[in-house]
Amino acid sequence: MLVLLSSVNGNNFALLYSRNMNKSRNYILVVLIITSLLLAAPIRVLYRVDMRQDKLRTLDRGSGTYFSTVDLARILACRYYVNPERQKIVLYIANHRVKISAKSSFIIIDDQVFQMPMFTKVIGEDVYVPAEAFFSIIKRTVIPGLAYNSKRQMLDIDVVNFNIIGLAIEDKANGTIIRLQTKDQFKDGNISSFIHDNGWFYLTVVGGIADSSVIVRADYGRAVRRILVDQLDESVQLAFQLRPKIENQEVYLNRDPAEIVITLRTPVVDSMARLKGLRERWYLNTVVLDAGHGGKDGGAIGRYGTKEKDITLDIVKRVGLLLEKNTNIRVVYTREEDVFIPIAKRPKIANAVNGKLFVSIHANATSNRKIRGFETYLLRPGKTADAIEVATRENAVIKLEEQENNYFELSDEALIMATMAQSAFMKESELLAATIQSELAKRLKSPDRGVKQAGFYVLIGASMPNVLVETGFLSNAQEEKMLKKPSYRQKIAQSIYQAIVTFKNSRELVLAEE
Ligand SMILES: [Zn+2]
């Protein structure tokens with residue numbers, strides 16, 4: 001009898017049962033089954049929240065211990081649902097859906113499929129699952145504070161103090177920022193990460209216990225498709241399936257608030273958003289026209305008393321009028337009257353109106369009265385002595401301003417810094433400057449002095465392509481005479497207007513090809 005019992009396993013039972021049906025020895029088998037069920041020692045459960053002790057009914061099979069899922073639901077006080085027809089049981093544990101099927105080795109947690117080495121067993125409406133395999137899966141996914149000792153048939157359920165407690169994902173134009181809220185700050189050495197070729201980003205946190213129910217329910221944004229949390233004894237691994245291709249990743253620890261910050265740089269989140277962003281950025285809908293000097297700052301003065309501030313304002317208004325009449329470009333003036341505008345305020349005005357182009361208009365002067373011609377400047381460290389002279393003179397206005405200490409010395413270093421900020425717009429500025437020069441050359445008889453570089457305060461800080469046009473020399477008698485003529489100023493305005501239109505068209509051609 002004893003020998004027989006120990007050799008009996010679940011499958012042989014059915015076989016024995018049917019074989020013996022006709023031989024009127026049913027009673028022996030019923031006794032056998034009952035004995036077997038009783039002999040299968042229950043799993044002792046210690047529930048540490050309240051030190052409650054309980055027992056999980058089990059089946060002892062040759063292949064190991066199986067326990068009752070209905071019992072588990074009762075012990076965990078979790079909601080569960082039984083579908084007797086489809087022989088399925090679903091447990092709702094800590095915001096997770098654990099789906100168990102009869103006579104299957106698969107369990108599905110949320111949408112993730114796990115396989116156990118053995119099939120589940122059915123007794124009535126209850127499903128018995130292999131204890132060791134099942135608890136190992138549950139520990140990794142649903143209840144990290146669970147420990148099962150198969151030898152002693154002990155299940156210890158501890159309340160876990162999660163230390164990874166939240167997740168926020170932000171989509172940016174050039175990537176995604178993933179912030180994992182943590183209870184305390186982790187050490188640098190405890191965090192490792194990598195991107196797999198299969199499009200998954202893996203983050204391993206040694207000592208991390210993630211509240212996966214919160215994490216998998218976060219807003220994934222555009223870039224993250226799925227998140228899987230794999231809780232191990234010593235660490236937790238978070239896996240993020242990403243939509244876009246990642247160029248590079250960076251993980252750093254934030255102290256206040258405590259978080260693990262992951263930046264994933266993508267070439268673009270999606271091409272439509274990129275195109276839209278580009279269009280918005282480059283679409284030339286606002287031009288800022290800056291009339292040099294004004295008010296107490298007269299600028300250069302010609303031999304016949306012509307003031308630079310008047311010439312510049314007149315030309316700017318002519319350019320603006322042409323743009324307003326012939327295009328749908330919005331024109332913003334830094335000044336429309338003879339008023340003093342601090343030089344640092346001019347690019348600020350341009351940025352505030354979200355200008356796409358900044359054109360500063362001036363008239364030149366130098367000690368050599370023979371020199372004449374027109375030139376256009378870019379913001380860069382001055383290359384030639386002439387360029388530096390012009391910049392120095394144009395910058396001299398700062399002395400007229402009340403708060404002189406707002407300005408730093410335009411050392412080469414400071415200029416390089418300012419120029420670096422400008423570099424994104426440099427190519428555009430160069431194109432615009434060259435176009436202005438060629439348009440002026442078409443209409444004026446004065447010499448084309450070309451595109452130059454110098455450090456102009458007025459060009460610093462404008463977040464858009466920007467140029468400074470020196471339309472002619474007031475120090476040259478002949479050019480002063482010309483600049484006094486409205487028809488000449490109209491030619492200059494026409495040239496600058498045409499250059500802006502050409503620039504706009506070439507910009508939008510690039511956009512159309514994207
Ligand atoms: Zn000037």
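Position 1 is the first residue of the sequence, and the numbers go up from there.
- Residues Leu253 and Ile260 meet the side-chain proximity criterion, which asks for heavy atoms closer than 4.5 Å.
- Contact annotation: the side chain of Val359 approaches that of Val469 to within less than 4.5 Å [non-hydrogen atoms, C-beta and beyond].
- Contact record, Asp230 with Arg140: OD1-CD, 3.1 Å, taken as the closest heavy-atom pair.
- Contact annotation: the side chain of Val316 never approaches that of Thr334 to less than 4.5 Å [non-hydrogen atoms, C-beta and beyond].
- A 4.5 Å side-chain heavy-atom check between Arg369 and Arg303 finds at least one atom pair inside the cut-off.
- Annotation for Glu479 and Asn476: closest pair N-OD1, 2.9 Å, computed over non-hydrogen atoms.
- With a 4.5 Å cut-off on side-chain heavy atoms, Gln498 and Arg443 count as touching.
- Atom-to-atom distance recorded for Asn368:CG and Ser475:OG is 8.0 Å, nearest 0.5 angstrom.
- The aromatic rings of Phe201 and Phe240 lie tilted to each other, with the angle between the two planes from 30° to 60°.
- Taking CG of Asn505 as the reference point, atom OG1 of Thr435 lies at 11.0 Å (rounded to 0.5 Å).
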Exercise for the section: Give the intermediate values and the outcome of side-chain contact (heavy atoms from CB on, under 4.5 Å) for residues Val353 and Val288. Expected result: CA-CA 8 Å; Val353 298; Val288 180; 3.8 Å; yes
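- In terms of heavy atoms, Cys78 sits closest to Leu91 at SG-CB, 4.3 Å.
- Of the possible donor and acceptor atoms, one in the side chain of Lys317 sits under 3.5 Å from a partner among the backbone N and O of Glu336.
- Counting all heavy atoms, side chain and backbone alike, Lys309 lies closest to Gly294 at CB-N, 3.6 Å.
- At least one side-chain heavy atom of Gln249 sits less than 4.5 Å from a side-chain heavy atom of Ser193.
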Exercise for the section: Give the intermediate values and the outcome of side-chain contact (heavy atoms from CB on, under 4.5 Å) for residues Thr176 and Leu242. Expected result: CA-CA 10 Å; Thr176 300; Leu242 305 164; over 6 Å; no
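- When atom types are taken as modelled, the side chain of Lys307 and the backbone of Ile301 share no donor-acceptor pair closer than 3.5 angstrom.
- The closest donor-acceptor contact from the side chain of Lys139 to the backbone of Leu146 lies under 3.5 Å.
- Using a 4.5 Å heavy-atom cutoff, the side chains of Ser506 and Leu431 are in contact.
- Listed for the Thr263 side chain is no donor-acceptor partner under 3.5 Å among the backbone atoms of Ile177.
- Considering every non-hydrogen atom in both Thr312 and Ile361, the closest pair reads CG2-O, 3.1 Å.
- Expressed to the nearest 0.5 Å, how far OG1 of Thr502 lies from CD1 of Ile436 amounts to 10.0 Å.
- More than 12 heavy atoms of other residues, nucleotides or ligands lie within 6.0 Å of CZ in Phe114, so this atom counts as buried by the packing criterion.
- At a threshold of 4.0 Å, the pair Glu480-Lys484 does not count as salt-bridged, since none of the basic side-chain nitrogens sits closer than that to a carboxylate oxygen.
- Taken to the nearest 0.5 Å, the CH2 atom of Trp200 stands 4.0 Å off from the CG atom of Leu228.
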Problem - From CA spacing to verdict: side-chain contact (heavy atoms from CB on, under 4.5 Å), Leu483, Thr471 - result: CA-CA 9 Å; Leu483 284 165; Thr471 53; 4.0 Å; yes
Exercise for the section: Assess whether side-chain hydrogen bond (donor to acceptor under 3.5 Å, both in side chains) is satisfied between Asn364 and Glu375, documenting all intermediate values. Expected result: CA-CA 9 Å; Asn364 224 333; Glu375 56 203 19; 2.9 Å; yes
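- The line from CG of Leu313 to CZ of Arg489 is 10.0 Å long, rounded to the nearest 0.5 Å.
- With Arg372 contributing its side chain and Ser446 its backbone, the two residues share no donor-acceptor pair below 3.5 Å.
- Side-chain atoms of Asp171 come within 3.5 Å of backbone atoms of Arg222 as a donor-acceptor pair (strictly under, hydrogens ignored).
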Practice task
Using the side-chain contact (heavy atoms from CB on, under 4.5 Å) rule, take Leu444 and Tyr488 through it: C-alpha gap first, then chi angles, then the decisive distance, then the call.
Solution key: CA-CA 8 Å; Leu444 309 184; Tyr488 190 78; 3.7 Å; yes
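- With a 4.5 Å cut-off on side-chain heavy atoms, Val451 and Glu430 do not count as touching.
- The CZ atom of Phe473 sits 6.0 Å away from atom OG1 of Thr366, with the distance rounded to the nearest 0.5 Å.
- Using a 3.5 Å distance cut-off with no hydrogens or angles, the side chains of Ser212 and Gln231 do not pair a donor with an acceptor.
- A donor-acceptor distance shorter than 3.5 angstrom exists from the side chain of Arg335 to the backbone of Gly292, with no hydrogens or angles considered.
- Across all non-hydrogen atoms, the minimal contact from His96 to Thr141 is NE2-O, 3.8 Å.
- Judged purely by atom type and a 3.5 angstrom limit, Gln437 uses its side chain to pair as donor or acceptor with the backbone of Phe374.
- For the side chain to side chain contact (heavy atoms under 4.5 Å, CB included) criterion with Val236, the lone passing option out of Ile164, Asn163, Leu203 is Ile164.
- Side-chain atoms of Asn466 come within 3.5 Å of backbone atoms of Met464 as a donor-acceptor pair (strictly under, hydrogens ignored).
- Here the side chain of Glu439 pairs no donor or acceptor atom with the backbone of Ser495 at under 3.5 angstrom.
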